[in-house]
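Since the structure comes first, as structure tokens, the remarks are kept for the end.
First listed ligand is number 1; within each ligand, the first listed atom is number 1. Residues take their numbers from the sequence shown, with the count starting at 1. None of the values given here were measured: they were computed from a predicted structure. What's counted below: heavy atoms across the whole structure, side chains too, no hydrogens, waters or symmetry copies.
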Amino acid sequence: MLKVLKFGGSSMADAHQFAKVKAIVDSDPSRRVVVVSAAGKRSRDDHKLTDLLYLCYAHLQYGVSCDAVFDMIRSRYLSIRNELHLSTPLEAEFAALREKMDRGISQDELVSRGEYFAARLMADYLGYDFLDSTCWLRFRLDGTVDQPASYEALRRTASGRRVVIPGFYGAMPDGSVKTFTRGGSDITGALAAAALDADVYENWTDVSGMLVTDPRIVENPEVIETVTYKELRELAYMGASVLHEDAIFPVRKEGIPINIRNTNRPSDPGTMIVENTC
Ligand code: ASP
């Protein structure tokens, strides 16, 4: 049995959330492959790390000092590390990144570092191996994912191992970093689940599944227990958003169900997304 898990930004926001992720992963030995997003907001008026990285890049573009923003990013990750008593050597990596930013860095490479650092920390915390997505997730020159090459590379490197993989990015044929569109860590998780023929793709977020209506309008709406891929498409068309739309195809094709779960309420069963309900 193999479960591939993806944790979104709110599950990665601080040391407290990291502890919840660890408890979830440790509670089931089949949870061997973990894909993570960059640290998200800790509260309503906090910032997502990925947004800060885009902001950093904009500063670089306009020749305005990005030191203050860069420092916010660096301190977020260093404080998670320190609070969890990890010894991940991030200082040197942040210094090297800052130097690269002065020499010239692509937007994709810079914004991908949110997931990179989050995955490094999570790998150390869980005692799993860190597996960089540039080592397996291959894009073609036209920007589409080369699925056969990516699947083959992931099977070769991850089979039988316990790994943490950064979401959101992969490598172009020349080795440079390329990201998906926003929210793309869902796609990384789906590709990893399909490549490794997982029994289920667990997508851990901050709601207990798909809700029957918008919680901003109706208080405490019910959770949908099971939904088919087809129904999901219709719901998405009507504005329901739980997953990146490109995350469906890879798992659906392999007949792998998606289970939407809540990191803050791990005993809730969440929503199962399946091919059919018969
Ligand atoms: N961190 C990226 C974003 O904010 C990707 C993701 O979270 O899925 O869009």
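- Residues Arg31 and Glu202 have side chains in contact (heavy-atom distance under 4.5 Å, counting atoms from C-beta outward).
- Asp174 and Ser176 share a side-chain donor-acceptor pair at under 3.5 Å.
- Taking the ring centroids of Phe249 and Tyr229, they lie at or beyond the 6.0 Å cut-off.
- A distance below 6.0 Å separates the ring centres of Tyr116 and Phe130.
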Query raised in the report: After noting the C-alpha distance and the side-chain angles of Phe180 and Phe139, does the key distance pass the ring-ring contact (aromatic ring centres under 6.0 Å, His included) rule?
Result: CA-CA 10 Å; Phe180 290 113; Phe139 287 96; 5.2 Å; yes
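- Exactly one of Asp132, Val35, Val4, Thr157 qualifies for a side chain to side chain contact (heavy atoms under 4.5 Å, CB included) with Ile165. That residue is Val35.
- Protein residues lining ligand 1, listed by chain and number: Ser37, Lys48, Thr50, Glu115, Phe168, Arg182, Gly183, Gly184, Ser185 [non-hydrogen atoms, distance under 4.0 Å].
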